[in-house]
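Note that these values count all heavy atoms, side chains included, but never hydrogens, waters or copies made by symmetry. The residues of the chain are indexed from 1 along the displayed sequence.
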Amino acid sequence: MGWWQVGADTLANSRFVVSPLAEAVASLLVLERTAAAHPGERAWLETHLPAYRRWKADDPVSALVIGAALAPRWIADFLAPVPDPAPPGQAPPSFADELTPVRATPPDRARADLAEAVRGPLPAALDRDDLARRAADALEWVWTHTVLPDWPRRRRILEADVVARSAQLGRGGWADALNGMRPGIRWLGDSRLQINPHDNPPRELDGAQLLFVPVTPYQSWVCWDIPHRYGLVYPCSGALAEAGRIPVPAALGALIGPARAAVLLLLASPLSTTQLVALTGQGLGSVGRHLRILLDAGLVRRRRAGRSVLYFRTEAGDVLVHGAG
């Protein structure tokens, strides 16, 4: 199995970060690997796959670049770089900021990364110097046409996942926060983090920064800027991944108000106030008022989990939601 030796300094310097570029790469993977798409991504695929296929047909060289870059067991390093988070207090990098280094990849490195991904020589059609530009253009197309229109909702889900993982870390340590994060990953103890089930040699992450990057598509990979930063991209799961995909029933919104209905709809699984704020985009005061009213009406209950208070629907809340739906 492949695992990383993660020292105390690296763990202390680790961070959860949101990356627009990683979200675009994950979406590109779904478009390319349609047969392996998660059932929850089918509606999204039906909306965007025809246009993506037309884009590929109009630019067969770029389609060949992406096909090579997203090989079955390896993603070309230059296409999916590890995020470079902004210092505390500064605005996080935008998609354009993150795409700039991809577009500026030297031709020799782009060819070498693609050859490593396909595990062999490149086709003659890829013996050219504009491979990185074409790959960046593909990511920009995916971002602009399939991710950006939905980015506010996706960002709220990603931020809520970061809150949830951070809470797990505080309650149960690294094993609780990382086990099950992505297929094949688990905390082995003795400062060892298994990153996949493959028979790869271990890697020492002494003094490096370790970043955990959630994405909403059901995709995962590792990335690095050796020896400075290493990243582990993982899919949001459960209620967070599905949040916002199911619209608020009109009847429920008319009965208790659309904002309060959105809160009640999300509470099929226990969530904290902070997570609800991130998922709904509503202010803390508004979410708090909705929760008080729902508690008084017997539609939700709450329980403490470590330092967090989690809210969840009661049977009466379930009946109301399902009846309105």
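- At distances below 3.5 Å, not a single donor-acceptor pair connects side-chain atoms of Arg128 with backbone N or O atoms of Pro107.
- Nearest heavy-atom pair across Leu295 and Arg302 is CD1-NH1, 3.9 Å.
- Lys56 places a side-chain heavy atom less than 4.5 Å from the side chain of Glu32.
- Residues Leu193 and Leu188 form no side-chain contact, since every pair of their non-hydrogen atoms from C-beta on lies 4.5 Å or further apart.
- Within 6.0 Å of CG on Asp318 lie more than 12 heavy atoms contributed by other residues, nucleotides or ligands.
- Minimum heavy-atom separation, Val82 to Gly231: CG2-N, 3.5 Å.
- Look at Arg134 and Asp137 and you find no salt bridge, because none of the NZ, NE, NH1 or NH2 atoms lies under 4.0 Å from a carboxylate O.
- The shortest distance between side-chain heavy atoms of Glu23 and Pro217 falls below 4.5 Å.
- A heavy-atom distance below 4.5 Å is not found between the side chains of Leu99 and Trp143.
- Side chain of Asp97 to backbone of Ser94: a donor-acceptor contact under 3.5 angstrom is found.
- The structure places OH of Tyr52 at 8.0 Å from CH2 of Trp141, a figure rounded to the nearest 0.5 Å.
- For CZ of Arg15, the number of neighbouring non-hydrogen atoms (other residues, nucleotides, ligands) closer than 6.0 Å is greater than 12.
- When only modelled atom types and interatomic distance are considered, Thr100 and Arg103 share no side-chain donor-acceptor pair under 3.5 Å.
- Taking each heavy atom of Pro83 and Arg229 in turn, the nearest pair found is O-NE, 3.0 Å.
- With Gln5 contributing its side chain and Pro202 its backbone, the two residues share no donor-acceptor pair below 3.5 Å.
- Side-chain atoms of Gln275 come within 3.5 Å of backbone atoms of Ser272 as a donor-acceptor pair (strictly under, hydrogens ignored).
- The residues Arg33 and Glu41 are annotated as not salt-bridged, no charged nitrogen and carboxylate oxygen being separated by less than 4.0 angstrom.
- Heavy atoms of other residues, nucleotides or ligands lying less than 6.0 angstrom from CZ of Arg133 number more than 12.
- Results of the side-chain contact (heavy atoms from CB on, under 4.5 Å) test with Arg313 over Leu320, Leu267, Leu299 single out Leu267 as the only residue that passes.
- Salt-bridge formation is not detected for the pair Asp58/Arg54: no Lys NZ or Arg NE/NH1/NH2 atom is positioned less than 4.0 Å from an Asp or Glu carboxylate oxygen.
- No side-chain donor-acceptor contact under 3.5 Å links Thr105 to the backbone of Ala132.
- Counting only N and O atoms by type, the side chains of Gln194 and Arg186 include a donor and acceptor under 3.5 Å apart.
- Summarising the geometry of Gln219 relative to Val30, their closest heavy-atom pair is NE2-CG2, 3.6 Å, with the distance given to 0.1 Å.
- Shown here for Ala24 and Val147, the closest heavy-atom pair between the two residues is CA-CG2, 4.4 Å.
- Val102 and Glu98 get closest at one heavy-atom pair: CG2-O, 3.9 Å.
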